[in-house]
Amino acid sequence: MRGLEEKQENNSTTIRFSTTFNGEELQKKEWIILEKDSLQFTKVRYYISNIRFINKQNKSIPCEECTYLIDAFDSESQDRELPIAISKLKKIQFDLGIDENTNTSGAHGGDLDPANGMYWSWQSGYINAKIEGISPSCATRKNKFQFHIGGYAAPNPTIRTVTIPIQSSGEIQLDLATFFKKTAWTKAAQLMRPGKEASALASILSNSFTNHE
Amino acid sequence: MNRKIILYSSIIILLGFTTLKKEGILPFTYPDYWPKPYYDIDKNPVSESGFQLGRHLFYDPLLSRDNTISCASCHLQATGFTHVDHDLSHGIDDRIGKRNSQALMNLAWNKSFMWDGSINHIEVQALAPIEDPNEMDSNLQTIVHQLNQKKKYKTLFHNTFGDSIATGQRTLLAITQFVVMLTSYNSKYDKFIRKEKGGNLNEQETNGYALFNQLCASCHQAPLFTNQSFKNNGLAVDPTLLDWGKYNHTKNPADSLLFRVPTLRNIQFTKPYMHDGRFESLYEVLEHYSEGIHQSPTLSEEIRIIKPLTNKEKIDLVAFLKTLSDYEFLYDERFNYPRN
């Protein structure tokens, strides 16, 4: 059980953005056995942006320039220092994905740098979440499943707002078991463009955060 | 120093040009009767070193998987920065793509890019050819890694950004600083409009100009000679390509067969014409508008009013279109292959 990490000065907190499957931390290329399927993950990355802190008085405080590319297999990307003391926090609200303004304002840097591989070259826009892996249940080349969830424009924007009450563990957990339970992932194992399907997956993914409201 | 700036700016303004000028930044100049650019150049101001870095990148085949294809491979300056005489461009391994290379000029006024508008910002346009498997078949991460190994680029990045680290963002911003400077507004037609020496239209050109205003100017609107819209100009779909244009990325049936209205500046040199290069000459283009329009549900309103042209009218129109050639732009040494 991870404890909170509070700085001496008491005005920042390290939050861990973890990715799990049925509560177990995701390990790259490790087989997960389900009732009728087995699967392993090779790539899981997603954007968290526009973080807002909801304090005990229910006031919303924006976190300046808090846009993070979380990589489930890179622990450095998962631990983020947020500029607020945990004692003041009631909930965290954020967007899963990148907003329209950022999608239409050219080349950005840092976690938003297109060289990170989370930006479509053939049609401008960020890939909000990439989930890739293998399962014998997928009748695709090399049994791959690949979900690239993106698209910012109407009628199928894929950005979603998520609100999570602060846990004593200081962890924001995305549990992929929830996602895989709710999609027909063995039948439609590849999605790599904006549209209705991407929008549906975005909703399922945003509801896969543990304890979300 | 202040007096010099006031005097210099006054002279520029008196000459009728708008110059955006800040210290250390290259001036971005265009005629004062032009609309303002769509791109906010202040967000990525062009410095001399940024311009040179972008220019080196533009001409460097390092941007392709096997170091053979550069931007200039399909965008040749002397022919308006397009791939002249190729209906569809060929890229790496002689692979052939699905579209005709567009002429690059006055890009700061573009609201979107590519024939179908799928790129929404000048700074990210270069990603499309870089990562297209038929064009350069590379990726930004690999390019950034390679740039960080090369002494020439370490220096150029240092001069531009303050340290020698290449990032994806910086690479794209530098390319933008070069291509945004490709401005063309000194053709014979422009001199005619500004009543400058060299701007006398002869009888054919004058007749052509009148016809142009009557039949073409609604979409090919001066001074950019495009109104930046997407139109179905009566081209039947090529069954070997099945390219539905803007529909490809919007999936909106109303966008089927809609393609960008390209600029007609320097059109004399940018053959062949249309999104798939199906017309070899301007006469073929005029024949299409005159007699060859293909009816379809999304055919644009403006096309419906074009009437059959006589041979004399076609000759006059072509004569006028040739007045849009800007030799100062086509042979501007600032834009050619860097030799240092």
Side-chain angles (χ1 to χ4, degrees), chain A residues 43 45 47 49 65 67-69 71 73-74 77 97-128 130 132 141 146 148-159 191-200, chain B residues 38-41 43-44 54 63 97-99 108 111-114 116-148 161 165-177 180 246 248-252:
Chain A
K43 192 181 286 178
R45 306 166 87 200
Y47 275 112
S49 71
E65 292 186 15
T67 296
Y68 305 133
L69 176 55
D71 185 328
F73 305 129
D74 175 6
S77 75
I98 302 298
D99 61 39
E100 178 161 0
N101 188 46
T102 310
N103 266 296
T104 54
S105 49
H108 298 281
D111 281 22
L112 289 169
D113 194 315
N116 287 321
M118 293 289 285
Y119 192 88
W120 274 316
S121 58
W122 46 273
Q123 181 179 319
S124 304
Y126 281 95
I127 302 167
N128 292 332
K130 252 192 201 180
E132 294 183 4
R141 176 179 170 265
Q146 292 169 298
H148 296 182
I149 301 169
Y152 62 87
N156 294 304
T158 53
I159 193 172
L191 176 77
M192 309 183 65
R193 51 169 45 248
K196 272 204 312 278
E197 296 82 2
S199 185
Chain B
Y38 185 72
Y39 178 58
D40 184 358
I41 205 163
K43 294 255 171 79
N44 178 26
L63 267 57
K98 293 184 86 171
R99 296 258 173 82
K111 293 178 186 165
S112 66
F113 298 83
M114 314 302 269
D116 57 15
S118 52
I119 301 301
N120 67 18
H121 198 279
I122 190 174
E123 289 169 7
V124 293
Q125 191 282 332
L127 280 175
I130 282 171
E131 304 205 353
D132 190 310
N134 292 325
E135 299 183 40
M136 294 154 117
D137 199 19
S138 186
N139 67 73
L140 193 58
Q141 190 173 26
T142 302
I143 289 166
V144 165
H145 177 77
Q146 288 175 357
L147 291 173
N148 278 316
F161 295 106
I165 299 169
T167 65
Q169 181 190 30
R170 286 177 172 184
T171 303
L172 293 173
L173 291 178
I175 292 173
T176 303
Q177 287 192 30
V180 82
K246 198 174 177 206
N248 286 355
H249 74 94
T250 65
K251 302 299 181 196
N252 181 350

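Below, chain A is the first sequence line, B the second, and so on; all start at residue 1.
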Exercise for the section: Could you look at B:Asp132 and say if it's the side chain, the backbone, both or neither that has a heavy atom under 4.5 Å from chain A? Expected result: neither
Problem - Contacting moiety of B:Leu172, where chain A heavy atoms sit under 4.5 Å - result: side chain
Exercise for the section: Answer yes or no: is there a side-chain heavy-atom contact under 4.5 Å between A:Tyr152 and A:Asn128? Expected result: no
Exercise for the section: Identify which part of A:Asn156 has an atom lying under 4.5 Å from any heavy atom of chain B, answering side chain, backbone, both or neither. Expected result: neither
Practice task
May I ask you to check whether B:His121 and B:Phe113 place their ring centers less than 6.0 Å from one another?
Solution key: no
Problem - Geometric class of the A:Tyr126/A:His108 ring pair [parallel <30°, tilted 30-60°, perpendicular >60°] - result: tilted
Problem - Pick from A:Ala153, A:Ser105, A:Gly195, A:Gly117 with the largest number of heavy-atom pairs that fall under 4.5 Å of chain B - result: A:Ser105
Problem - Residue B:Asp116 versus chain A: region with a heavy atom under 4.5 Å - result: neither
Practice task
Give a yes-or-no answer on whether the side chains of A:Tyr47 and A:Asp111 include a donor-acceptor pair shorter than 3.5 Å.
Solution key: no
Problem - Verdict with supporting geometry, B:Met114 and A:Trp122, side-chain contact (heavy atoms from CB on, under 4.5 Å) - result: CA-CA 10 Å; B:Met114 314 302 269; A:Trp122 46 273; over 6 Å; no
